[in-house]
Amino acid sequence: MTLFSSYRLGGLTLPNRVVMAPMTRVRAAAGGLATPSMATYYAQRATAGLIVSEGVQPSLIGQSNPGTPGLHTDEQVAAWRPVTAAVHANGGRIFAQLMHGGRVSHPETIGTRPVGPSAVAAVGDVFTPSGPQPAPVPRALETAEVPEHAESYGAAARRAVDAGFDGVELHGANGYLISQFLSSNGNLRSDRYGGSVANRIRFAVEAVSATVEAVGADRTGIRLSPGGGFWGVEEHDALQLHTALLTELARLEVAYVHLEATIGDDVLRDLRRAWPGTLVMNPVFPMGPKQTERADADRWLGLGADLISFGRGFIANPDLVERLRTGLPVAPVDEATYYQGGDAGYLTYPAYQHAA
């Protein structure tokens, strides 16, 4: 078994074990609509065993950044169909990442005060239409309101499948809403969603359950960042917390768990043992200076991962799978173009040019 062996994931046969990780690119049109450029971008990368899209908001209040796409209106569904069709026409498979920002948002972006488990602001500046601003204190959700936000993932998953996606990945990582409920400092609730480990995982389990009910377990994955610390989120009991969560996810028989290398290898190996299903591993710290290399992938395949996700490498290398397979150099990425909009630094990276 190698990075280039095929793999059965739910109802899909992946031709290799390379996953294109979700990456925010803020290229959507007004109204959260996907664009023809987005169709080209994803289709260029369809040789990945699986593509996971950029974060897609499941509701307007769930939008974190300006310029991100949604899956909560009929117009958004219609706009995504050419994207998924282009990926499929090139022989690819694509899941939509469903991302509710929770407190990592701003009234200028969503037109109202962001919500979160508790009235505790994220640490750092958030993107807004007028530039970076300090994260605001969110409105703490009432107990009766929490289920509708869990259900929003299921509703968006239905729309994703209607738009042609092969499945969805819930963004339970990096300090966004699911991660906020898991945290020990962003979730100060005293109701059934806060306090104990069993209570802090409840929102994640309800969101996944709603999604499984909507589109089926074999179309449902989740991304987690144990102990990651993004946006000021802390987890004082990361191993216990995530072991408990994985136990519940195993009962739901979801298609995969996507772990980020945000904690020590010893904890990650324990979590691998706690999870009986498909493991997607992102082998390097997501915001660190290092990009995932072939050696990182091979190491984690040896440690029990089934699939390996590559993020930044896919931005500048639409043919990343072939470069990894043949040992060709991986082109560097221009970080200045990550979020600038337009096609430069988006559609302008070529496949490897062999000398004549």
Novice: At what distance, to the nearest 0.5 angstrom, does CD of E322 lie from CZ of R325?
Specialist: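 So the gap between those two atoms works out to 5.5 Å.
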
Novice: Would you confirm whether W80, through its side chain, and G70, through its main-chain N or O, come within 3.5 Å as a donor-acceptor pair?
Specialist: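 Present.
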
Novice: Please find the pair of heavy atoms, one from L177 and one from P117, that lie closest to each other, and give the distance.
Specialist: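 Minimum heavy-atom separation between L177 and P117: CD1-CD, 4.3 Å.
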
Novice: What about L182 and V205, same hydrophobic cluster or not, with Ile/Leu/Val/Met/Phe/Trp/Tyr joined at side-chain heavy-atom distances under 4.5 Å?
Specialist: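 Yes; tracing contacts between hydrophobic side chains, which count when under 4.5 Å, links both residues.
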
Novice: Can the ring centres of H149 and H100 be said to be less than 6.0 Å apart?
Specialist: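 Yes - the distance between ring centres of H149 and H100 falls below the 6.0 Å cut-off.
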
Novice: Less than 4.0 Å between a side-chain N and a carboxylate O, is that true for R27 and D343?
Specialist: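 Salt bridge absent between D343 and R27.
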
Novice: Indicate the ring-plane relationship of Y41 and Y346, choosing parallel, tilted or perpendicular according to the 30° and 60° boundaries.
Specialist: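 The rings of Y41 and Y346 lie parallel, inter-plane angle below 30°.
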
Novice: Would you give the length of the straight line joining atom CZ of F165 to atom CZ of R159, rounded to the nearest 0.5 angstrom?
Specialist: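 Result: 13.5 Å between the selected atoms.
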
Novice: How would you list, by chain and number, every residue that makes a salt bridge (Lys or Arg N to Asp or Glu O under 4.0 Å) with R189, sequence neighbours excluded?
Specialist: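 Scan of R189 (salt bridge (Lys or Arg N to Asp or Glu O under 4.0 Å), adjacent residues dropped) gives D191.
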
Novice: What are the two closest non-hydrogen atoms of Q291 and D296, and how far apart are they?
Specialist: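 Smallest heavy-atom distance, with atoms named: O-OD2, 3.9 Å.
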
Novice: I would like to know whether W275 and T247 meet side-chain contact (heavy atoms from CB on, under 4.5 Å); could you show each step before the answer?
Specialist: CA-CA 7 Å; W275 170 242; T247 300; over 6 Å; no

Novice: Taking atom types as modelled, is there a side-chain donor on D166 or H88 under 3.5 Å from an acceptor on the other?
Specialist: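 Yes, H88 and D166 have a side-chain donor paired with an acceptor closer than 3.5 Å.
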
Novice: Do you see a donor-acceptor pair shorter than 3.5 Å between the side chains of S37 and T35?
Specialist: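 Not at all, the side chains of S37 and T35 share no donor-acceptor pair under 3.5 Å.
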
Novice: What closest approach, in Å, do T211 and V168 show between heavy atoms, and which atom pair accounts for it?
Specialist: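 Shortest heavy-atom separation between T211 and V168 comes out as CG2-CG2, 3.5 Å.
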
Novice: Let me have the donor-acceptor pairs involving side chains of residues 47-56, under 3.5 Å, with sequence neighbours excluded, atom names and distances please.
Specialist:
from : atom 1 : to  : atom 2 : distance (Å)
S53  : OG     : Q97 : N      : 3.0
E54  : OE2    : Y42 : OH     : 2.6

Novice: With heavy-atom distances below 4.5 Å as the criterion, would you say the side chains of Y352 and P329 are in contact?
Specialist: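 Yes, close enough: below the 4.5 Å cut-off.
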
Novice: Hey, is R192 close enough to E206 for a salt bridge, meaning N to O under 4.0 Å?
Specialist: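 So R192 pairs with E206 through a salt bridge.
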
Novice: So do the side chains of L71 and P58 get within less than 4.5 Å of each other, counting heavy atoms only?
Specialist: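 No - every pair of side-chain heavy atoms lies 4.5 Å or more apart.
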
Novice: Could you give the distance from NE2 (H242) to CG (L268), rounded to the nearest 0.5 Å?
Specialist: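 One gets 10.0 Å once the value is rounded to the nearest 0.5 Å.
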
Novice: Does E213 have more than 12 heavy atoms from other residues, nucleotides or ligands lying within 6.0 Å of its CD?
Specialist: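 For E213, atom CD is not crowded (no more than 12 foreign heavy atoms under 6.0 Å).
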
Novice: Examine distances only and state if a side-chain atom of N90 and a backbone atom of A43 form a donor-acceptor pair shorter than 3.5 Å.
Specialist: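 Confirmed, N90 side chain pairs with A43 backbone.
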
Novice: For residues S6 and P15, determine if any side-chain heavy atom of one lies less than 4.5 Å from a side-chain heavy atom of the other.
Specialist: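 No, side chains not in contact.
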
Novice: Can you tell me if T84 uses its side chain to pair, donor with acceptor, with the backbone of A163 under 3.5 Å?
Specialist: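 Answer holds: yes.
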
Novice: Apply side-chain contact (heavy atoms from CB on, under 4.5 Å) to Y338 and I315, showing your working.
Specialist: CA-CA 9 Å; Y338 279 0; I315 293 178; 3.8 Å; yes

Novice: Just by distance, with hydrogens left out, do Y349 and Q44 show a side-chain donor and acceptor under 3.5 Å apart?
Specialist: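 Distance-only check fails for Y349 and Q44.
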
Novice: Can we say R273 and D270 salt-bridge, meaning some charged N sits less than 4.0 Å from an Asp/Glu carboxylate O?
Specialist: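 Judged by the 4.0 Å cut-off on N to carboxylate O distance, R273 and D270 do form a salt bridge.
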
Novice: For the residue pair G32 and A28, what are the closest heavy atoms and their distance?
Specialist: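 Smallest heavy-atom distance, with atoms named: C-CB, 4.4 Å.
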
Novice: Say whether L320 and L347 are linked into one hydrophobic cluster, either directly or through other cluster members, by side-chain heavy-atom distances under 4.5 angstrom.
Specialist: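 Yes, same cluster.
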
Novice: Between D162 and R158, is there a salt bridge with N-O shorter than 4.0 Å?
Specialist: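 No, this pair does not count.
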
Novice: Sub-3.5 Å donor-acceptor pair from the side chain of E151 to the main-chain atoms of P147, do we have one?
Specialist: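 Checking the backbone N and O of P147 against the side chain of E151, no donor-acceptor pair under 3.5 Å is found.
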
Novice: For F230 and T262: C-alpha separation, side-chain torsions, deciding distance, then whether side-chain contact (heavy atoms from CB on, under 4.5 Å) applies.
Specialist: CA-CA 10 Å; F230 300 98; T262 45; 3.8 Å; yes

Novice: For the pair D306 (side chain) and L279 (backbone), establish whether a donor and an acceptor sit closer than 3.5 Å, ignoring hydrogens and angles.
Specialist: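 Yes; at least one donor-acceptor contact below 3.5 Å.
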
Novice: Hey, does the side chain of R219 reach the backbone of G11 with a donor-acceptor pair shorter than 3.5 angstrom?
Specialist: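 No.
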
Novice: What closest approach, in Å, do L33 and A79 show between heavy atoms, and which atom pair accounts for it?
Specialist: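 Heavy atoms only, the tightest pair is CB-CB, 4.0 Å.
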
Novice: Do V146 and V115 sit in one hydrophobic cluster, given that two such residues count as connected whenever their side-chain heavy atoms are within less than 4.5 Å of each other, even indirectly?
Specialist: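 V146 clusters together with V115.
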
Novice: Quick one: do V19 and W300 end up in the same hydrophobic cluster if we chain Ile, Leu, Val, Met, Phe, Trp and Tyr together by side-chain heavy atoms under 4.5 Å apart?
Specialist: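 No; tracing contacts between hydrophobic side chains, which count when under 4.5 Å, never links both residues.
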
Novice: Would you give the length of the straight line joining atom CD of Q353 to atom CG of D319, rounded to the nearest 0.5 angstrom?
Specialist: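 Here the interatomic distance stands at 9.0 Å.
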
Novice: Is a side-chain donor or acceptor of S225 paired with a backbone partner of G228 at a separation under 3.5 angstrom?
Specialist: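 Side chain of S225 to backbone of G228, a donor-acceptor pair under 3.5 Å: no, none is there.
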
Novice: Strictly below 4.0 Å, N to O, side chains only: are R200 and D237 in salt-bridge contact?
Specialist: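 Yes.
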
Novice: Distance-only check: which donor-acceptor pairs under 3.5 Å involve side-chain atoms of residues 253-261, not counting sequence neighbours?
Specialist:
from : atom 1 : to   : atom 2 : distance (Å)
Y256 : OH     : E169 : OE1    : 2.7
H258 : ND1    : E169 : OE1    : 2.9
H258 : ND1    : R223 : NE     : 3.4
H258 : NE2    : R223 : NE     : 3.4
H258 : NE2    : S309 : OG     : 2.8
E260 : OE2    : R223 : NE     : 3.4
E260 : OE2    : R223 : NH1    : 3.1

Novice: Short question: side chain of E234, backbone of H236 - any donor-acceptor pair under 3.5 Å?
Specialist: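 Here the side-chain-to-backbone pair does not exist.
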
Novice: Looking just at side-chain N and O atoms, do T68 and Q57 make a donor-acceptor pair shorter than 3.5 Å?
Specialist: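 Q57 and T68 do have a side-chain donor-acceptor pair below 3.5 Å.
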
Novice: Please confirm whether the backbone N or O of V104 pairs with a side-chain atom of S64, one donor and one acceptor, at under 3.5 Å?
Specialist: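 Such a contact is found between S64 side chain and V104 backbone.
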
Novice: Show the numbers, then the answer: is there a side-chain contact (heavy atoms from CB on, under 4.5 Å) between Q63 and I61?
Specialist: CA-CA 6 Å; Q63 183 173 1; I61 201 170; over 6 Å; no

Novice: Looking at E248 and L245, would you say the former's side chain and the latter's main chain have a donor-acceptor pair under 3.5 Å?
Specialist: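 Between the backbone of L245 and the side chain of E248 there is no qualifying donor-acceptor contact (under 3.5 Å).
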
Novice: Report yes if the side chains of M1 and R17 come closer than 4.5 Å at any heavy-atom pair, otherwise no.
Specialist: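 Yes, close enough: below the 4.5 Å cut-off.
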
Novice: In Å, rounded to the nearest 0.5 Å, how long is the span from OG1 of T292 to CZ of F314?
Specialist: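 Answer rounded to 0.5 Å: 10.5 Å.
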
Novice: Work out which heavy atom in L224 is nearest to a heavy atom in G172; give both atom names and the distance.
Specialist: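 Minimum heavy-atom separation between L224 and G172: CD2-O, 3.7 Å.
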
Novice: When you look at CZ of F127, are more than 12 heavy atoms from neighbouring residues, nucleotides or ligands closer to it than 6.0 Å?
Specialist: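 Count not over threshold, so no.
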
Novice: Can you tell me how far the OG1 atom of T2 sits from the CG atom of L324, to the nearest 0.5 Å?
Specialist: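 Atom-to-atom, T2:OG1 and L324:CG are 11.0 Å apart.
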
